Asks: 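Quick one: this structure, given as structure tokens, is what I'll be asking you about.
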Amino acid sequence: MNSDSSSPGAFPRFSLVGCIVSAHRDYGLIVEVEGRYRGFVDLDYIAHVPIAMADWPRVGSHQRGLVLGETNDGRLRLDLRQDDLDLAEHAVDLTDVMSRWAEMRQAAPDDTQTLQKFYESPDAALLLSWLVTGSGRGTPMAFVWDLIGRSTEVIRRKVASALTVGALQGDREASSTIAEAYRACGLDLSLDVLARLLAERPPTAENLTIFAEAVAEQAVLDLVTAWALTAPEPDVRGLGTRLSKPSSGEDSP
């Protein structure tokens, strides 16, 4: 790697940079970074889910990328996935929390010192939420849920809040994990978080329907139903009315 500060090595790992798409290739995008340096984006890092080449960022478009590293020939490897960019944007120190996470993954089950070090990161809850919405990002979800369940109330509240916000906004990945997230974070804590967010960020009827379909706990459904029945929007109240009716399977014979 060139030690000159003007080389691609001047861009630390996990830093955010501007780039322009210069070409499409079968393996991904060729980009020009900060107007001077060569880079590329592997097709797996263009979007969170696979997309057709026709939907890739167009040639000539300006993009924001997350630096993953540098190739042997000096090109920067970038990540354009929006959820990864959001993680980098909101993290206090992404490099530090990723380092702590790597140590945590390699630690022995009884290594409480490494566990506590991870929990002490100001970005622990942010990273855990990112892991959940990415189904563990290569780590078994049982391990992630266990980490959340063993964490402090502050961390569990932040995780529950982040996932609830996503679910109430119609994020299906967040919705698909919300039931398990509430079990890991604790039902009483999660109900408190949900009640606050319903008041602060009222969801649409469509998004609330997705959320209601994802949860299994009756206490959560009862809270959602009670809130929906008093909502000012007619379609949300209509959803509340439907939720308040017992299903045909619960009817008396």
Side-chain angles (χ1 to χ4, degrees), residues 48 81 83-84 86-88 90-201 203 207-208 210-227:
H48 180 55
R81 298 185 298 196
D83 52 343
D84 297 348
D86 290 342
L87 175 69
H90 293 99
V92 174
D93 189 338
L94 183 56
T95 300
D96 176 69
V97 73
M98 293 299 284
S99 175
R100 296 186 192 211
W101 171 241
E103 292 175 7
M104 185 67 254
R105 291 182 64 185
Q106 299 298 321
D110 59 349
D111 187 348
T112 57
Q113 184 174 357
T114 300
L115 177 65
Q116 185 60 32
K117 179 182 177 182
F118 173 72
Y119 287 151
E120 287 174 354
S121 166
D123 297 314
L126 181 66
L127 184 67
L128 288 168
S129 302
W130 175 81
L131 289 168
V132 169
T133 55
S135 298
R137 314 278 171 162
T139 301
M141 281 304 299
F143 182 70
V144 177
W145 291 130
D146 181 63
L147 282 181
I148 293 172
R150 295 164 64 189
S151 67
T152 65
E153 179 179 339
V154 170
I155 290 176
R156 286 184 286 117
R157 187 171 292 275
K158 287 181 178 179
V159 170
S161 295
L163 296 176
T164 301
V165 166
L168 292 178
Q169 290 177 343
D171 183 333
R172 291 189 178 274
E173 279 145 353
S175 295
S176 69
T177 61
I178 201 69
E180 190 66 36
Y182 282 5
R183 283 191 286 271
C185 294
L187 184 57
D188 288 344
L189 179 152
S190 300
L191 287 171
D192 183 59
V193 167
L194 176 58
R196 174 177 59 82
L197 290 173
L198 285 171
E200 293 177 357
R201 307 184 184 192
N207 290 345
L208 192 60
I210 295 171
F211 181 89
E213 290 173 348
V215 297
E217 282 287 344
Q218 189 60 47
V220 178
L221 287 172
D222 289 345
L223 175 58
V224 168
T225 301
W227 177 83

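Quick caveat, the model's predicted, so the values are computed rather than measured. Note: hydrogens, waters and symmetry copies are ignored here, and every other heavy atom, side chains too, is used.
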Asks: Near Gln106 CD, under 6.0 Å, is it more than 12 heavy atoms from other residues, nucleotides or ligands?
Replies: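 12 or below, so no.
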
Asks: Can you tell me how far CZ of Arg172 sits from OG1 of Thr133, rounded to the nearest 0.5 angstrom?
Replies: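 CZ of Arg172 is found 16.0 Å from OG1 of Thr133.
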
Asks: Who pairs with Arg81 by side-chain hydrogen bond (donor to acceptor under 3.5 Å, both in side chains), at least two apart in sequence or on another chain?
Replies: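 By the side-chain hydrogen bond (donor to acceptor under 3.5 Å, both in side chains) rule, Arg81 matches Asp84.
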
Asks: Does the side-chain contact (heavy atoms from CB on, under 4.5 Å) test come out yes or no for Ser161 and Arg196, once each step is laid out?
Replies: CA-CA 9 Å; Ser161 295; Arg196 174 177 59 82; 3.0 Å; yes

Asks: Is there a side-chain contact between Asp96 and Asp123, using heavy atoms and a 4.5 Å cut-off?
Replies: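 No, every pair of side-chain atoms sits at 4.5 Å or beyond.
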
Asks: Could you check whether atom CD of Gln113 has more than 12 heavy atoms from other residues, nucleotides or ligands sitting under 6.0 Å from it?
Replies: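 Count not over threshold, so no.
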
Asks: What's the shortest heavy-atom distance between Ala125 and Lys158, and which atoms?
Replies: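 Between these two residues, the closest heavy atoms are CB-CB, 3.5 Å.
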
Asks: Which heavy atom in Gly136 sits nearest to a heavy atom in Val144, and how many Å separate them?
Replies: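 Shortest heavy-atom contact: CA-CG2, 4.3 Å.
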
Asks: Ala174 and Ala167: which non-hydrogen atoms are nearest, and at how many Å?
Replies: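 Result for this residue pair: CB-N, 3.6 Å.
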
Asks: Answer yes or no: is there a side-chain heavy-atom contact under 4.5 Å between Thr95 and Asp93?
Replies: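 Yes, their side chains come closer than 4.5 Å.
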
Asks: On a heavy-atom basis, which atom in Pro109 and which in Arg150 lie closest, and how many Å separate them?
Replies: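 So the two residues come closest at O-NH2, 4.3 Å.
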
Asks: Given side-chain contact (heavy atoms from CB on, under 4.5 Å), test Leu147 with Leu115 step by step and report yes or no.
Replies: CA-CA 9 Å; Leu147 282 181; Leu115 177 65; 3.4 Å; yes

Asks: Which value, rounded to the nearest 0.5 Å, describes the distance between Thr164 atom OG1 and Phe211 atom CZ?
Replies: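 Answer rounded to 0.5 Å: 5.5 Å.
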
Asks: Are Arg137 and Trp130 in a cation-pi setup, meaning NZ or CZ lies under 6.0 angstrom from the ring centre and within 45 degrees of the ring axis?
Replies: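 Yes, Arg137 and Trp130 form such a contact.
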
Asks: In Å, rounded to the nearest 0.5 Å, how long is the span from CG of Asp171 to CG of Leu163?
Replies: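 Answer rounded to 0.5 Å: 9.0 Å.
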
Asks: Quick one: do Phe143 and Ile148 satisfy side-chain contact (heavy atoms from CB on, under 4.5 Å)? Show the steps, please.
Replies: CA-CA 9 Å; Phe143 182 70; Ile148 293 172; over 6 Å; no

Asks: Side chains of Asp111 and Thr114: do they bring a donor and an acceptor to under 3.5 Å?
Replies: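 Short answer, yes.
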
Asks: Identify the two heavy atoms, one from Ala160 and one from Leu189, that lie closest to each other, and give their separation to 0.1 Å.
Replies: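 Shortest heavy-atom separation between Ala160 and Leu189 comes out as CB-CD2, 4.0 Å.
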
Asks: Looking only at atom types and distance, does a side-chain atom of Arg156 sit under 3.5 Å from a main-chain N or O of Ala184, one as donor and one as acceptor?
Replies: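 Side chain of Arg156 to backbone of Ala184, a donor-acceptor pair under 3.5 Å: no, none is there.
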
Asks: At what distance, to the nearest 0.5 angstrom, does CH2 of Trp101 lie from OG1 of Thr139?
Replies: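 That separation rounds to 4.5 Å.
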
Asks: Salt bridge check: are Glu180 and Arg183 linked by an N-O gap of less than 4.0 Å?
Replies: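 Between Arg183 and Glu180 there is a salt bridge, with a charged N closer than 4.0 Å to a carboxylate O.
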
Asks: Is the shortest distance from a Lys or Arg side-chain nitrogen in Arg157 or Asp192 to a carboxylate oxygen in the other one below 4.0 Å?
Replies: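 Yes, Arg157 and Asp192 are salt-bridged.
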
Asks: Just how far is it from atom CE of Met98 to atom OG of Ser121, taken to the nearest 0.5 Å?
Replies: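 The distance works out to 11.0 Å.
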
Asks: For residues Leu223 and Ala195, report the shortest heavy-atom separation together with the two atoms involved.
Replies: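 For Leu223 and Ala195, the tightest heavy-atom pair comes out as CD2-N, 3.9 Å.
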
Asks: Can you list the steps and then say if Leu194 with Tyr182 is a side-chain contact (heavy atoms from CB on, under 4.5 Å)?
Replies: CA-CA 10 Å; Leu194 176 58; Tyr182 282 5; 3.9 Å; yes

Asks: To the nearest 0.5 Å, tell me how far Tyr119 OH sits from Met104 CE.
Replies: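 If we round to the nearest 0.5 Å, Tyr119:OH and Met104:CE are 7.0 Å apart.
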
Asks: Test Ile178 against every option in Val215, Leu168, Val132 by the side chain to side chain contact (heavy atoms under 4.5 Å, CB included) rule and name the one that passes.
Replies: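 It is Val215; the other options fail the test.
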
